[in-house]
Amino acid sequence: MDKQTLQTVGDWAQSRVASGEEPPWTFHKLKLLAEIAHELSEGLEASTAYTPGLSDEPIENREKSENIVDITSYRKKADSDPLTNLPA
């Protein structure tokens with residue numbers, strides 16, 4: 001569902017609430033629908049926003065940096081295992 005559809009649904013539900021013609025059992029549900037639809041449409045921007053500096057290139061093709069860890073590779077085994085060197 002896109003942002004425009006969510007806003008349209010929210011506006012429709014809000015107009016039904018504002019009309020004052022809705023029975024009590026649908027009034028609160030329409031009010032809730034209007035709030036949720038508007039909140040989701042606003043949150044949709046945050047989830048699809050472009051973050052500058054990040055590349056769409058696959059990780060394998062990017063230049064490696066000291067600060068970036070590839071989580072798909074295995075960790076190097078430590079010289080000593082801290083769990084086996086615990087004091088008794």
Side-chain angles (χ1 to χ4, degrees):
M1 189 172 285
D2 63 343
K3 180 179 179 176
Q4 183 61 37
T5 305
L6 285 169
Q7 287 177 340
T8 303
V9 168
D11 293 342
W12 172 83
Q14 186 63 40
S15 69
R16 297 293 302 257
V17 168
S19 73
E21 298 176 6
E22 291 298 318
W25 55 87
T26 60
F27 176 84
H28 292 291
K29 294 297 181 181
L30 285 170
K31 189 174 180 180
L32 184 62
L33 174 62
E35 291 173 7
I36 290 172
H38 286 128
E39 287 177 11
L40 285 173
S41 70
E42 291 170 9
L44 197 58
E45 282 183 2
S47 65
T48 58
Y50 173 73
T51 306
L54 293 180
S55 173
D56 291 337
E57 273 185 71
I59 291 177
E60 301 83 37
N61 299 342
R62 293 187 208 164
E63 207 173 288
K64 297 286 182 182
S65 170
E66 294 291 324
N67 299 330
I68 298 176
V69 176
D70 183 6
I71 60 172
T72 60
S73 63
Y74 296 105
R75 281 199 268 171
K76 294 179 183 176
K77 193 169 187 173
D79 294 336
S80 62
D81 186 4
L83 295 178
T84 57
N85 296 331
L86 293 175

Atom pair CG (Leu40) and OG1 (Thr5), whose distance is rounded to the nearest 0.5 Å: 12.5 Å
Counterpart residues, side chain to side chain contact (heavy atoms under 4.5 Å, CB included), relative to Glu39 (two or more places apart): none
Side chain to side chain donor-acceptor pair (under 3.5 Å) against Glu22, all qualifying residues, sequence neighbours excluded: Arg16, Thr26
Enumerate, atom names and distances included, each donor-acceptor pair closer than 3.5 Å involving a side-chain atom of residues 30-38, sequence neighbours excluded.
| unit_1 | atom_1 | unit_2 | atom_2 | d |
| --- | --- | --- | --- | --- |
| His38 | ND1 | Ala34 | O | 3.0 |
| His38 | NE2 | Asp11 | OD1 | 2.9 |

Partner residues of Glu21 under the side chain to side chain contact (heavy atoms under 4.5 Å, CB included) criterion, sequence neighbours left out: Ser19
